[in-house]
Amino acid sequence: MQQDDLPKQANQSPLSLSRLREAFATMLGEQNQGAVQREQAVEPSPEPSACTAQCCEINPRSVVEAILFVGRPDNRGFSSRELAVAMRGVSPSEIDAAVRELNSLYEADDAPYRIEGTNNGYRLVLREEFARMRDKFYGRVREARLSTAALEVLSIVAYNEPVTAEEINQLRSAPNSAALSTLVRRRLVRLDRPTEPGAPARYSTTERFLKLFDLESLDALPRSEELEKV
């Protein structure tokens with residue numbers, strides 16, 4: 001692709017499927033033409049390869065897989081809406097269908113990864129049975145127990161988020177700065193500082209909290225009527 005083409009593309013949709021197909025077809029055509037010319041200078045061209053641009057078809061499923069494979073630097077997920085916006089003429093429900101299809105293919109191939117869906121979106125993650133391999137690269141995560149006070153504060157945050165430190169102190173009738181610091185340090189709770197002057201900071205649970213407690217979202221937390229039956 002020449003530099004003269006760049007200004008024309010600046011006003012176009014950045015991730016149009018039709019543009020992606022054209023770009024890949026052009027790129028593959030230029031590469032194949034250059035390869036043939038180099039081979040002809042040395043020896044007759046061999047039989048054409050069976051692999052063409054269709055070897056990696058550009059469609060919603062392959063684009064979703066590529067985006068999730070690259071991921072984000074902070075490892076946050078991508079919502080169905082975000083992924084749909086990256087492609088022209090694709091709806092969030094089609095993204096969900098593409099994710100289900102990919103997971104079915106991964107399971108059929110015994111792939112070591114799968115697409116995990118949470119309230120924060122989709123992420124490509126390693127299957128739990130391969131956790132030992134991950135630990136060899138990053139080191140084993142040391143398990144640590146939370147104190148009773150920290151668990152009580154964590155439950156207050158989960159059921160009332162976003163919540164201020166003062167509100168937590170009132171609900172628990174005790175100061176909780178130490179427990180909150182522990183929860184933030186262990187990435188179970190995050191502190192959100194407001195942009196409005198004078199507004200208090202608020203605490204919320206994190207993706208790590210959901211994962212450790214095996215929750216799809218906070219909606220899966222047991223409610224009072226469920227607890228009464230236990």
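Values reported hereafter were calculated over all heavy atoms of this structure, with side chains retained and with hydrogens, waters and symmetry mates removed. Throughout, residue positions are numbered sequentially from 1 according to the sequence presented.
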(message) If you compare all heavy atoms of Ala84 against all heavy atoms of Pro92, which two are closest, and at what distance to 0.1 Å?
(response) CB-N, 3.8 Å

(message) Using a 3.5 Å distance criterion without hydrogens, assess whether the side chain of Asn176 forms a donor-acceptor pair with backbone atoms of Ala174.
(response) yes

(request) Evaluate the side-chain proximity of Asp192 to Ser204: yes if any heavy-atom separation is below 4.5 Å, no if none is. (result) yes

(request) Please check if Leu210 and Leu191 belong to a single hydrophobic cluster, counting links between Ile, Leu, Val, Met, Phe, Trp and Tyr side chain heavy atoms closer than 4.5 Å. (result) yes

(message) Quick one, Leu183 and Thr205 - any side-chain contact, counting heavy atoms below 4.5 Å?
(response) no

(request) Check the surroundings of atom CZ in Arg81: do more than 12 heavy atoms from other residues, nucleotides or ligands lie under 6.0 Å from it? (result) no

(request) Could you tell me whether the side chains of Ser93 and Asp96 share a donor-acceptor contact shorter than 3.5 Å? (result) no

(request) Give the minimum heavy-atom separation between Ala199 and Pro194, together with the two atoms involved. (result) O-CG, 3.1 Å

(message) So, taking the atom named OH in Tyr122 and the one named CG in Leu102, what distance separates them when rounded to the nearest 0.5 Å?
(response) 10.5 Å

(message) According to ring pair (Phe, Tyr, Trp, His ring centres under 6.0 Å), does anything in residues 94-114 pair up with another residue at least two apart or in another chain? List the pairs.
(response) Tyr106-Tyr113

(request) Could you tell me whether the side chain of Thr182 reaches within less than 4.5 Å of the side chain of Arg185, counting heavy atoms only? (result) yes

(message) Taking Arg186's backbone N and O only, do any of them form a donor-acceptor pair with Arg208's side chain (distance below 3.5 Å, no angle check)?
(response) yes

(request) Would you mind listing every ring pair (Phe, Tyr, Trp, His ring centres under 6.0 Å) that reaches into residues 177-215, with sequence neighbours excluded? (result) Phe209-Phe213

(message) In this structure, would Leu146 and Val157 fall into the same cluster of hydrophobic residues linked by side-chain contacts under 4.5 Å?
(response) yes

(message) Would you say CD of Glu107 has more than 12 non-hydrogen atoms from neighbouring residues, nucleotides or ligands within 6.0 angstrom?
(response) no

(message) I'd like to know if Leu218 and Val184 are part of one continuous hydrophobic network [Ile/Leu/Val/Met/Phe/Trp/Tyr, side-chain heavy atoms within less than 4.5 Å].
(response) yes

(request) Starting at CD of Glu161, measure out to CD1 of Ile168 and round the result to the nearest 0.5 Å. (result) 10.5 Å

(message) Tell me every residue that passes salt bridge (charged side-chain N to carboxylate O under 4.0 Å, His left out) with Glu167, counting only those two or more places apart in sequence or in another chain.
(response) Arg202

(message) Measuring from atom CG of Asn169 to atom OG1 of Thr164, what distance do you get when rounded to the nearest 0.5 angstrom?
(response) 8.0 Å

(message) Between Arg172 and Glu152 (salt bridge meaning N to carboxylate O under 4.0 Å), is one present in this structure?
(response) yes

(message) Pairing donors with acceptors under 3.5 angstrom, does anything connect the side chains of Glu101 and Ser104?
(response) no

(request) Would you give the length of the straight line joining atom CG of Leu126 to atom CD of Glu116, rounded to the nearest 0.5 angstrom? (result) 11.0 Å

(request) Please tell me if the side chains of Lys211 and Thr206 come closer than 4.5 Å, counting only heavy atoms from C-beta onward. (result) no

(request) Taking the six-membered ring of Phe78 (Phe, Tyr or Trp), confirm whether the NZ or CZ of Arg123 is under 6.0 Å from its centre and within 45° of its axis. (result) no

(request) Give a yes or no on whether Val125 and Leu83 share a hydrophobic cluster (residues Ile, Leu, Val, Met, Phe, Trp, Tyr; joining criterion: side-chain heavy atoms under 4.5 Å apart). (result) no

(request) Could you grab the distance from atom CG of Leu124 to atom CD1 of Ile115, nearest 0.5 Å is fine? (result) 6.0 Å

(request) With the side chain counted from C-beta on, respond yes when Met87 and Pro60 share a heavy-atom pair under 4.5 Å apart, and no when they do not. (result) yes

(request) Could you tell me the separation between the CD1 atom of Ile95 and the CD atom of Glu82, rounded to the nearest 0.5 Å? (result) 11.0 Å

(request) For Asn59 and Ser62, indicate whether the former's side chain and the latter's backbone hold a donor-acceptor pair under 3.5 Å. (result) yes

